Trainee: 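Sharing a structure, written as structure tokens. Questions coming.
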Amino acid sequence: MRVLLVGAGGVGTAVTRIAARRKFLTHMVVADYDHARARAAVDALPGAGGRFSALRLDASDEDAVRRALSAHRCDILLNATDPRFVMPLFRAALAAGTHYMDMAMSLSAPHTSRPYEECGVKLGDAQFELAGRWAESGRTALVGMGVEPGLSDVFARYAADELFDEIDEIGVRDGADLRVEGYEFAPSFSIWTTIEECLNPPVVYERDRGWFTTAPFSEPEVFDFPEGIGPVECVNVEHEEVLLIPRWVDARRVTFKYGLGDDFIARLRTLHELGLDSTTAVTVPGEDGPVRVSPRDVVAACLPDPASLGDRMTGKTCAGTWVTGTRDGRPREVYLYHVVDNRWSMREYGSQAVVWQTAVNPVVALELLATGVWSGAGVLGAEALPPRPFLDLLTDYGSPWGLREQG
């Protein structure tokens with residue numbers, strides 16, 4: 001399989017380190033707007049046998065991306081950029097006649113008058129509008145294939161197929177006990193994406209009501225995470241699983257809750273109150289005259305790069321899917337989960353836990369597509385594909401998953 005990887009940040013670099021150890025990969029072109037960053041990702045792969053090359057590429061330039069896919073004879077585009085670039089990359093892959101995969105879907109927009117009751121533009125709506133064209137092309141657009149969304153959706157499908165007869169609720173629950181030495185505030189993932197997820201109206205799905213929204217940080221609950229992480233307060237956050245799972249899995253209710261903590265929530269609220277979460281450019285003075293800049297990009301520039309925090313980070317991160325329902329007429333409640341210890345991911349791959357956990361899942365999916373174990377035409381979530389091969393291969397990658405019976 002020949003892959004165009006767009007984005008050589010923390011997750012993209014982790015993708016290269018994981019994929020370099022797998023035989024299914026024929027060649028991976030590592031592309032980034034910053035050629036030096038793409039080059040650094042490739043140069044850090046000793047013994048990769050020439051299977052990786054670096055390319056400068058602007059993810060917003062749809063035609064340039066299409067040309068790169070054709071020139072390098074790529075089978076698939078793997079999008080490791082932030083969600084702003086989903087649609088140009090998605091359309092470029094469609095135009096080039098290749099497959100496509102991302103880890104975050106096209107952006108949402110709140111309802112203009114009732115943002116905390118009704119959905120406006122939902123995550124992924126722009127991509128699903130092109131589902132017919134993807135199906136006609138015979139190509140696969142596998143969307144939301146990171147850890148959350150991604151592995152969490154695989155867990156949902158597995159629960160529906162093998163663990164339950166009827167499902168009451170599927171609730172993705174994410175928590176960690178990670179600490180970063182030397183920083184008062186150092187998010188372990190892209191602050192740009194974190195702001196987008198946490199300050200947008202969260203979406204909830206109910207079978208009798210469809211998709212609807214609530215206020216940010218609503219419905220707080222304490223969830224006990226496994227492998228020593230322990231109880232963490234979780235709140236509703238906008239996330240793709242709630243938009244994906246109901247398309248293929250029958251459940252009465254679907255939610256996503258993230259363990260943020262009071263301090264993190266307070267800082268996000270302050271950013272919002274000051275307007276620093278905005279993506280609308282403002283004019284600020286510069287050495288050579290006025291400069292137009294997005295407040296959110298300024299916040300991101302002022303914070304440390306999450307990929308650089310691994311040496312200062314301790315603890316574990318847990319992604320998982322909590323499911324309630326019935327089996328053989330009896331109530332059942334389970335939590336399917338995946339835990340990564342930062343000490344292990346740094347020792348084995350030189351990548352901090354959160355970015356490594358995100359990166360391993362698209363590489364597993366690439367291998368399943370390359371070998372024909374996964375296939376399909378159209379815009380698909382992981383829920384549309386058989387879960388057992390994915391979970392078995394994830395374990396083969398040296399990162400097993402777990403299942404905890406609740407109650």
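Bear in mind that the values here come from a model prediction, so they are computed numbers and not experimental data.
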Trainee: Using modelled atom types and a 3.5 Å cut-off, is there a donor and acceptor pairing between side-chain atoms of Ser218 and backbone atoms of Ala215?
Mentor: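 Present.
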Trainee: Would you tabulate the side-chain donor-acceptor contacts of residues 23-32 under 3.5 Å, counting partners in other chains and residues two or more places apart, or write 'none'?
Mentor:
residue : atom : partner : partner atom : Å
Thr26   : OG1  : Met1    : N            : 3.0
His27   : ND1  : Arg51   : O            : 3.0
His27   : NE2  : Ser53   : OG           : 2.8
Asp32   : OD1  : Asp34   : N            : 2.8
Asp32   : OD1  : Arg37   : NH2          : 3.4
Asp32   : OD2  : Ala8    : N            : 2.8
Asp32   : OD2  : Arg37   : NE           : 3.3
Asp32   : OD2  : Arg37   : NH2          : 3.0

Trainee: So for atom CD, which belongs to Glu181, do other residues, nucleotides or ligands contribute more than 12 heavy atoms lying within a distance under 6.0 Å?
Mentor: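 No - once you tally the heavy atoms of other residues, nucleotides and ligands closer than 6.0 Å, there are 12 at most.
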Trainee: Name the atoms and distances for all side-chain donor-acceptor pairs under 3.5 Å in residues 276-283, with sequence neighbours left out.
Mentor:
residue : atom : partner : partner atom : Å
Asp277  : OD2  : His272  : ND1          : 2.9
Ser278  : OG   : Thr280  : N            : 3.0
Thr283  : OG1  : Arg292  : NH1          : 3.0

Trainee: Does Arg21 make a cation-pi contact with Tyr397, if we ask for NZ or CZ under 6.0 Å from the ring centre and within 45° of the axis?
Mentor: no
Trainee: If you apply the rule side chain to side chain contact (heavy atoms under 4.5 Å, CB included), what do you find for Gln352 with Leu178, and how did you get there?
Mentor: CA-CA 10 Å; Gln352 57 103 320; Leu178 296 169; 5.6 Å; no
Trainee: Check the angle between the aromatic planes of Trp374 and Phe390 and answer parallel, tilted or perpendicular using the 30° and 60° thresholds.
Mentor: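 Ring orientation of Trp374 relative to Phe390: parallel.
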Trainee: Sequence neighbours left out, what pairs pass ring-ring contact (aromatic ring centres under 6.0 Å, His included) with at least one residue falling in residues 115-142?
Mentor: Phe90-Trp134
Trainee: Please evaluate residues Val86 and Leu107 with respect to the criterion side chain to side chain contact (heavy atoms under 4.5 Å, CB included), reporting the C-alpha separation (whole Å), side-chain torsions for both, the decisive distance (0.1 Å), and the verdict.
Mentor: CA-CA 8 Å; Val86 163; Leu107 292 170; over 6 Å; no
Trainee: Is the shortest side-chain N to carboxylate O distance from Glu166 to Arg207 below 4.0 Å?
Mentor: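 The answer is no: the pair does not qualify as a salt bridge.
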Trainee: If you apply the rule side-chain hydrogen bond (donor to acceptor under 3.5 Å, both in side chains), what do you find for Trp322 with Glu333, and how did you get there?
Mentor: CA-CA 7 Å; Trp322 165 75; Glu333 177 182 352; 2.8 Å; yes
Trainee: Stepwise, does the side-chain hydrogen bond (donor to acceptor under 3.5 Å, both in side chains) test hold for Ser108 with Glu238?
Mentor: CA-CA 9 Å; Ser108 64; Glu238 181 191 47; 2.6 Å; yes
Trainee: Sequence neighbours left out, cut at 3.5 Å: what donor-acceptor pairs do the side chains of residues 66-74 make with other protein atoms?
Mentor:
residue : atom : partner : partner atom : Å
Arg66   : NE   : Asp63   : OD1          : 3.1
Arg66   : NH2  : Asp63   : OD1          : 2.6
Arg67   : NH1  : Asp63   : OD2          : 2.4
Ser70   : OG   : Arg66   : O            : 3.3

Trainee: With rounding to the nearest 0.5 angstrom, report the OG1 to CD1 distance, Thr98 to Ile76.
Mentor: 7.5 Å
Trainee: I need the single residue from Glu221, Arg173, Glu241 that forms a side chain to side chain donor-acceptor pair (under 3.5 Å) with Thr255. Which is it?
Mentor: Arg173
Trainee: Only pairs at least two apart or in different chains count here, so list each salt bridge (charged side-chain N to carboxylate O under 4.0 Å, His left out) that has a residue in residues 87-106.
Mentor: Glu62-Arg91
Trainee: Enumerate the residue pairs fulfilling salt bridge (charged side-chain N to carboxylate O under 4.0 Å, His left out) with a member in residues 141-153, sequence neighbours excluded, ordered by first and then second residue.
Mentor: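 Salt bridge (charged side-chain N to carboxylate O under 4.0 Å, His left out) check on residues 141-153 returns no pairs.
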Trainee: Which pairs count as salt bridge (charged side-chain N to carboxylate O under 4.0 Å, His left out) when at least one residue sits in residues 378-390, sequence neighbours excluded?
Mentor: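 The answer is Glu162-Arg388, Arg388-Asp392.
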Trainee: Which residues pass the ring-ring contact (aromatic ring centres under 6.0 Å, His included) test with Tyr205, not counting sequence neighbours?
Mentor: Trp211
Trainee: Does the side chain of Pro387 reach to within under 4.5 Å of the side chain of Asp161, using non-hydrogen atoms?
Mentor: yes
Trainee: Hey, what's the ring geometry for Trp401 with Phe155, parallel, tilted or perpendicular (30° and 60° as the breaks)?
Mentor: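 Correct class here is tilted.
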Trainee: Do the non-hydrogen side-chain atoms of Asp168 and Arg253 ever get within less than 4.5 Å of each other?
Mentor: no
Trainee: Can you establish whether the number of heavy atoms outside Arg133 located under 6.0 Å from its atom CZ is more than 12?
Mentor: no
Trainee: Identify, with sequence neighbours excluded, every residue that meets ring-ring contact (aromatic ring centres under 6.0 Å, His included) alongside His239.
Mentor: Phe256
Trainee: With sequence neighbours excluded, what pairs up with Tyr33 under the side-chain contact (heavy atoms from CB on, under 4.5 Å) test?
Mentor: Arg56, Asp58
Trainee: Tell me if the CZ atom of Arg347 is crowded by more than 12 foreign heavy atoms within 6.0 Å.
Mentor: yes
Trainee: When you measure from the side chain of Gln406 to the backbone of Thr324, do you find a donor-acceptor pair of N or O atoms at a distance under 3.5 Å?
Mentor: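 Checked: no pair found.
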Trainee: Do any pairs count as a salt bridge (charged side-chain N to carboxylate O under 4.0 Å, His left out) and have a residue in residues 353-365, sequence neighbours left out, and if so which ones?
Mentor: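 Not a single pair qualifies under salt bridge (charged side-chain N to carboxylate O under 4.0 Å, His left out).
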Trainee: The criterion is ring-ring contact (aromatic ring centres under 6.0 Å, His included); which residues satisfy it with Phe164, sequence neighbours excluded?
Mentor: none
Trainee: Do NZ/NE/NH1/NH2 and the carboxylate oxygens of Arg296 and Asp82 come within less than 4.0 Å?
Mentor: no
